[in-house]
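To keep things clear, I will list the structure first and then write my remarks on it.
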Amino acid sequence: MSQFGHVSAVNLNRQYNILNVTFGQMNGLSFAVGEAMGHKLRFPSANAVTTKCRRNTSPLKVVCIDYPRPELDNTVNYLEAALLSSSFRNTPRPNKPLEVVIAGAGLAGLTTAKYLADAGHKPILLEARDVLGGKIAAWKDEDGDFYETGLHIFFGAYPNMQNLFGELGINDRLQWKEHSMIFAMPSKPGEFSRFDFPEILPAPLNGILAILKNNEMLTWPEKIKFAIGLLPAILGGQPYVEAQDGITVKDWMRKQGIPDRVTDEVFIAMSKALNFINPDELSMQCILIALNRFLQEKHGSKMAFLDGNPPERLCMPIVEHIQSRGGEVRLDSRIKKIDLNDDGTVKSFIMNNGSVIKGDAYVFATPVDILKLLVPDEWKEMPYFGKLENLVGVPVINVHIWFDRKLKNTYDHLLFSRSPLLSVYADMSVTCKEYYDPNKSMLELVFAPAEEWISRSNEEIIEATMKELAKLFPDEISADQSKAKILKYHVVKTPRSVYKTVPGSEPCRPLQRSPLEGFYLAGDYTKQKYLASMEGAVLSGKFCAQAIVQDYEKLAARGQKKLAEASFV
């Protein structure tokens, strides 16, 4: 753990009223009144970024301290991702660029379009809503505050995502946090247990030591049994991991002789964070893939927050990149029907406003549930599309609560709540530069599992959330608001989010290239090794673009044939 001063400001109305000065761990924020104090609280290993205080605050200079970007660029996975990215830039320029119509401007659709544009083609990206991002969308309320579809964390183990940030020149928009995983302690309200990864050790030793040093969540006998249980996964590698798709996390743990308490203490929280469901439903393959990335890569489990709202800070740079290379991005463009040729291939997309959009190739980069609603009847008997019925989006709720005061019992980090109703949360007024507020806290929380709550009222969801928060902040929050009071809240419901990674779902995930010439899929549910995640969405977009580039000659010839037939008629 880094040995630096941790300074938190509770009341900054008076010039020098700075409270709660402790030492031992670095929270990553310092509040400076002048240059003298700024020099006194020097953090030599961090990059300081100065931002202005938000409205209704005193005119103090606020310095947000980020940890340096980890050394990712020379890792095998990063270089592999970089090589795939460079293949689009280095491919021979097409004689006639393909016009590729893409449905969905989430990460999968945006990256498909980005890499097609890099290869010299013209993507036409259609988004049904008036906002970019899909599952990372965000909206601004009447006060100018953003609320998001989800709480998004960017891991060191996301090589394609990290390459994307570098290619766009926006690496500085990631706020890296200390290399730790922090869990709330239900048996000790208001207390946390940490897994701190030492920077001086390589993987997997840093992860092993982080586990061994934590004596609050697991006993030594439990750690030993867990380590022995993991040996087959470590020795068996990727083939073993893929073979565990047919068994739940809970059943796998019992099969390996790992005590149920290990599942209760660690893997309930991890399962909900990965897929918004509990270990008795989640495929063990999902957990093993995450553990493999986190333990085999030194910085794999290191986390970063985006420095602002995703549509503007991440999606817009991709859009600008696409447009700079001749591509198009159209919002408020909802597809009503996939129109077919006589041979069953796609003829055009018919839009809700009655317009018709044609291209040389077509991509669906929407969530799988939206695709299933628009699959033509003629396709439904094909195994490729029939298997999609087994892939179903999981419901999730994202909750934002603005409080009338600065909460003390929190960190500049992602926190695992270990609550039966909540998954993870963060005080975004501390972790994110754009949302920063020195006087008030804004908690963003993932409410999961949400299946029983998705149809309930926002008021019921907030009431249940407050009861859980009273356990996490016993000295500061009470369910009746007799302590911290709610200034406002936003509840974002996603009835069908990422696909539910239950046992047996892996064989149902489709390849990006469909059996129908000229039709492709992208999305985290399609075949790629990072499952339902932002990294999975980005990699699926690259695979989709790669398939189209590989099929260029065939697609170009198909286009010429259509032109000839049209001329003949």
Side-chain angles (χ1 to χ4, degrees), residues 2 45-47 66-90 107 111 114-115 118 152-181 195-211 230 233-242 270 273-274 285-306 314 413-414 524 527-543 545-546:
S2 301
S45 67
N47 300 320
D66 294 335
Y67 281 76
R69 181 176 181 270
E71 297 177 2
L72 303 171
D73 298 7
N74 292 321
T75 63
V76 172
N77 287 324
Y78 185 92
L79 292 172
E80 180 183 273
L83 182 62
L84 180 54
S85 293
S86 67
S87 70
F88 297 103
R89 299 188 297 270
N90 297 331
L107 280 176
T111 51
K114 189 263 185 196
Y115 291 106
D118 284 351
H152 302 290
I153 303 299
F154 298 80
F155 286 96
Y158 283 1
N160 291 282
M161 177 67 81
Q162 297 301 334
N163 266 274
L164 180 62
F165 271 84
E167 292 160 27
L168 297 170
I170 58 172
N171 273 331
D172 60 341
R173 297 187 183 184
L174 287 178
Q175 293 182 250
W176 290 95
K177 307 305 178 184
E178 61 181 322
H179 199 171
S180 302
M181 301 184 82
F195 292 87
D196 295 308
F197 294 71
E199 293 296 323
I200 60 172
L201 293 179
L205 295 179
N206 62 343
I208 293 171
L209 187 59
I211 294 170
L230 278 179
I234 295 171
L235 299 175
Q238 190 64 22
Y240 178 86
V241 170
E242 293 177 359
M270 194 169 179
L274 287 171
Q285 182 195 41
C286 184
I287 290 286
L288 290 176
I289 286 174
L291 287 176
N292 189 37
R293 298 274 74 83
F294 291 169
L295 292 177
Q296 296 302 324
E297 301 175 28
K298 179 177 179 178
H299 304 293
S301 56
K302 198 161 191 177
M303 305 178 206
F305 284 70
L306 192 62
L314 173 55
H413 214 295
L414 179 75
D524 58 20
K527 200 76 170 177
Q528 40 72 28
K529 63 183 178 181
Y530 288 94
L531 301 178
S533 64
M534 292 189 293
E535 172 70 8
V538 170
L539 183 54
S540 78
K542 293 175 86 168
F543 283 165
Q546 182 184 50

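Bear in mind that the values here come from a model prediction, so they are computed numbers and not experimental data.
Annotation: side chain of Ile208 is not in contact with side chain of Leu201 (no heavy-atom distance under 4.5 Å). Considering only heavy atoms from C-beta on, His179 comes within 4.5 Å of Asn206 through its side chain. In this structure, the side chains of Met270 and Met181 stay at 4.5 Å or more apart for every pair of heavy atoms. In this structure, the side chains of Asp524 and Leu107 stay at 4.5 Å or more apart for every pair of heavy atoms. Between His152 and Leu306 the shortest side-chain heavy-atom distance does not fall below 4.5 Å. Contact of the Tyr240 side chain with the Leu288 side chain is registered, since non-hydrogen atoms from C-beta on lie closer than 4.5 Å. Considering only heavy atoms from C-beta on, Lys302 comes within 4.5 Å of Glu199 through its side chain. Side-chain atoms of Ser301 and Phe195, non-hydrogen and from C-beta on, never get closer than 4.5 Å to each other.
Between Phe155 and Phe294, the ring-plane angle classifies as tilted under the 30° and 60° cut-offs. A tilted orientation is assigned to the rings of Tyr115 and Phe88, their planes being inclined by 30° to 60°.
In this structure, NZ in Lys527 is found 11.5 Å from CZ in Phe543, a value given to the nearest 0.5 Å. Here CG of Leu164 is found 12.0 Å from CG of Leu539. Values are rounded to the nearest 0.5 Å. Atom CZ of Phe165 is separated from atom CG of Leu314 by 4.5 Å, given to the nearest 0.5 angstrom. Here the CD-CZ distance, from Gln175 to Phe154, works out to 11.0 Å after rounding to the nearest 0.5 Å. The distance from the NE2 atom of His299 to the CG atom of Leu72 is 6.5 Å, given to the nearest 0.5 Å.
What you find for Pro68 and Trp176 is that their closest heavy atoms are O-CB, 4.0 Å. The two residues Asn171 and Gln162 make their nearest non-hydrogen contact at OD1-O, 4.0 Å. When all heavy atoms of Asp73 and Leu79 are compared, the closest pair comes out as O-CD2, 3.3 Å. Taking each heavy atom of Leu209 and Pro198 in turn, the nearest pair found is CD2-CG, 3.7 Å. The two residues Ile153 and Met534 come nearest to each other via the heavy atoms O-CE, 3.2 Å. Nearest heavy-atom pair across Asn163 and Ala81 is ND2-CB, 3.4 Å.
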| message | Please determine whether side chain to side chain contact (heavy atoms under 4.5 Å, CB included) holds for the pair Leu84 and Gln546, giving the CA-CA distance in whole Å, both sets of side-chain angles, and the decisive distance to 0.1 Å. | response | CA-CA 9 Å; Leu84 180 54; Gln546 182 184 50; 3.5 Å; yes

| task | Dump the intermediate steps for side chain to side chain donor-acceptor pair (under 3.5 Å) on Ser85 and Glu167, then the final yes or no. | result | CA-CA 9 Å; Ser85 293; Glu167 292 160 27; 2.7 Å; yes

| field | Residue pair Gln285, Leu531: steps toward the side chain to side chain contact (heavy atoms under 4.5 Å, CB included) verdict | value | CA-CA 10 Å; Gln285 182 195 41; Leu531 301 178; 4.3 Å; yes

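No hydrogens or angles considered: nothing links the side chains of Thr111 and Lys542 as a donor-acceptor pair under 3.5 Å. Using modelled atom types, one finds no donor on one side chain facing an acceptor on the other under 3.5 Å when comparing Tyr78 with Glu297.
Between the His413 side chain and the Glu178 main chain, a donor and an acceptor come within less than 3.5 Å of each other. Of the possible polar contacts, one joining the Glu535 side chain to the Met161 backbone as a donor-acceptor pair under 3.5 Å is found.
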